[in-house]
Protein chains: 2
Amino acid sequence: MRADAERSRRRILDAACEVFLERGPDAPLDAVVRRAGVGPATLYRRFPDREALVRALVTDLLARLTEAADQARLTEADPHRALRRFVHAAADLRMGAAIVVLLERLVVDEDLVAVRRGAVTAVEALLRAAQDAGRLRADVGMGDLVLLCVRVSRPLPGALAALDADGSLVHRHLDLALAGLAAEPDGPAGPPLGFDEVIAAAGRPGEPAPGGVAE
Amino acid sequence: MRADAERSRRRILDAACEVFLERGPDAPLDAVVRRAGVGPATLYRRFPDREALVRALVTDLLARLTEAADQARLTEADPHRALRRFVHAAADLRMGAAIVVLLERLVVDEDLVAVRRGAVTAVEALLRAAQDAGRLRADVGMGDLVLLCVRVSRPLPGALAALDADGSLVHRHLDLALAGLAAEPDGPAGPPLGFDEVIAAAGRPGEPAPGGVAE
DNA sequence: AACGATACGGAGAGATTTTATCCGCTTCAC
DNA sequence: GTGAAGCGGATAAAATCTCTCCGTATCGTT
């Protein structure tokens, strides 16, 4: 692949990430084009339709996410610090986008499910380790973690996005939220939210639930 | 005002709140109409243009918010519990919408500024009280509180919204986040984010800063 | 119960936005 | 230097959004 083609691809993927995060998975591709600063033809040449773009984006993000999780685990000895490091990296990677876009709008095939499972496994390892070390509430599940991260690291709506031009606010709030996940629950607990529930909510099975919900 | 007119007004306002939260302040009014289950004419009859709708919505929300804050303060003796109660009430009221929509898209007049100031004062009282009681980190400002609430109580994007059909997940995550704001900062602190910064970021002065930023 | 007034929703015209393609010019790799 | 691959702007076709007209239904009152 030629160098300029690769560059365009990257710019489109990055732009798509931001745009989908801000405007949802149905955002006009036109907006992606404008943000990326490329011509429409360039996008449509590389990604024949929305699905192709979404799939490429998700694959890319999941791979980077998995790597970030593994690296955090290997770099930081302390489980809680490892989790924290990962969460911040995930925010930088726009983890939210992967989740947001992945869970609907996406025709899931085996490859993608495998990639996703890899990411989930890697993050779960971090979560479990922190919990085993007693540094994280036991009643917090993958779903909670993921959803909280998505929520906190999502760009602020509209003009407010300017508040966090450099992303430091996200990291600040991520730390505050993370402190709330630390051990010693004093608030009312509740069953942890698993990642499977999140997947199920997306409406598209991916890995069809045993029961198999109709419609 | 006739009973059915009042009913329509309420449905439109509620729908607008959800829609603006989900799709931003420029969301098509058509979407509001669909969500409200009324005819387009009904919306345009009541609210001649977008601004009228936004203004009515914001006024309505700020009033309810102020009331919720005052009531929380009066009902709960413990400052931290009062704050917590308020935050949950604010989530139910879709406080985020007020903020999201208020801060741009809104031609601010004196009435509105007064209403807003009233709300800010009421919430600030809660915040200060909790901090004075040592139940809340001192390095958390109104801006942090508001933004965290907006982030956590905003509806999840797309199909994920179904995860929280009854809103219980928001309350769960609000509690988790709130725990992180409790006393004993162990993470890296930083200057608290004030509400004025949030206002300033919205681009429209409202109450022009002393310095007065051009443009 | 009946009446006048008010409000409602659907159909749809016109404007705007979005999608997707063609083609002449530029950039890259060899 | 050359051929192939890639790029962006212009633009046609489709979809969406804004806003109004008008016949029908609902409300409050007598």
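Below, chain A is the first sequence line, B the second, and so on; all start at residue 1.
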Is the distance from OP1 or OP2 of dC8(C) to the nearest side-chain N or O of R45(B) less than 4.0 Å?
yes
State whether R50(A) places a side-chain N or O below 4.0 Å from either non-bridging phosphate oxygen (OP1 or OP2) of dT19(C).
yes
Measure from CZ on R23(B) to C1' on dC17(D) and round the result to the nearest Å.
11 Å
Kindly determine whether R11(A) and D14(A) satisfy salt bridge (Lys or Arg N to Asp or Glu O under 4.0 Å), including the steps that lead there.
CA-CA 5 Å; R11(A) 292 175 69 173; D14(A) 288 343; over 6 Å; no
In whole angstrom, what separates Y44(A)'s OH from dT19(C)'s P?
5 Å
Can you check the D4(A) CG to dC30(C) P distance for me, whole Å?
13 Å
If you pin A41(B) and A3(B) to their nearest nucleotides in DNA chain D, which one's is more 5'?
A41(B)
Atom-pair distance (CG on L29(A); C1' on dA15(D)), nearest Å
14 Å
Smallest heavy-atom separation, P157(B) atom then E104(A) atom, equals O-OE2, 4.1 Å
Tell me whether the side-chain N/O atoms of T42(A) come closer than 4.0 Å to OP1 or OP2 in dG6(D).
no
Taking only N and O in the side chain of R46(B), is any of them less than 4.0 Å away from OP1 or OP2 of dC8(C)?
yes
The answer to which of R2(B) and P40(B) contacts DNA chain C further toward the 5' end, by nearest nucleotide, is R2(B)
Phosphate oxygens OP1/OP2 of dG6(D): is one of them under 4.0 Å from a side-chain N or O of S8(A)?
no
Decide, yes or no, whether a salt bridge links R10(B) with D60(B) under the criterion of side-chain N to carboxylate O below 4.0 Å.
yes
In this structure, how many angstroms lie between the P atom of dG6(D) and the CG atom of L43(A), rounded?
15 Å
If I compare all heavy atoms of A182(B) with all of R137(B), which pair ends up nearest, and what's the gap?
O-CG, 2.8 Å
Nearest non-hydrogen partners of A98(A) and V58(A), listed with the distance
O-CG2, 4.3 Å
Taking 4.0 Å as the cut-off, does a side-chain nitrogen or oxygen of R7(A) come that near to OP1 or OP2 on dC28(C)?
yes
Determine the contact category for A5(B): base if any of its heavy atoms lies under 4.0 Å from a base atom, sugar-phosphate if only primed atoms, P, OP1 or OP2 are that close, otherwise nothing.
sugar-phosphate
Spacing of F47(B) atom CZ relative to dT20(D) atom C1', expressed in whole Å
18 Å
Could you state the atom-to-atom distance from CD of E6(A) to P of dA29(C) in whole Å?
12 Å
Between CZ of R9(B) and P of dT26(D) the distance, given in whole Å, is 23 Å
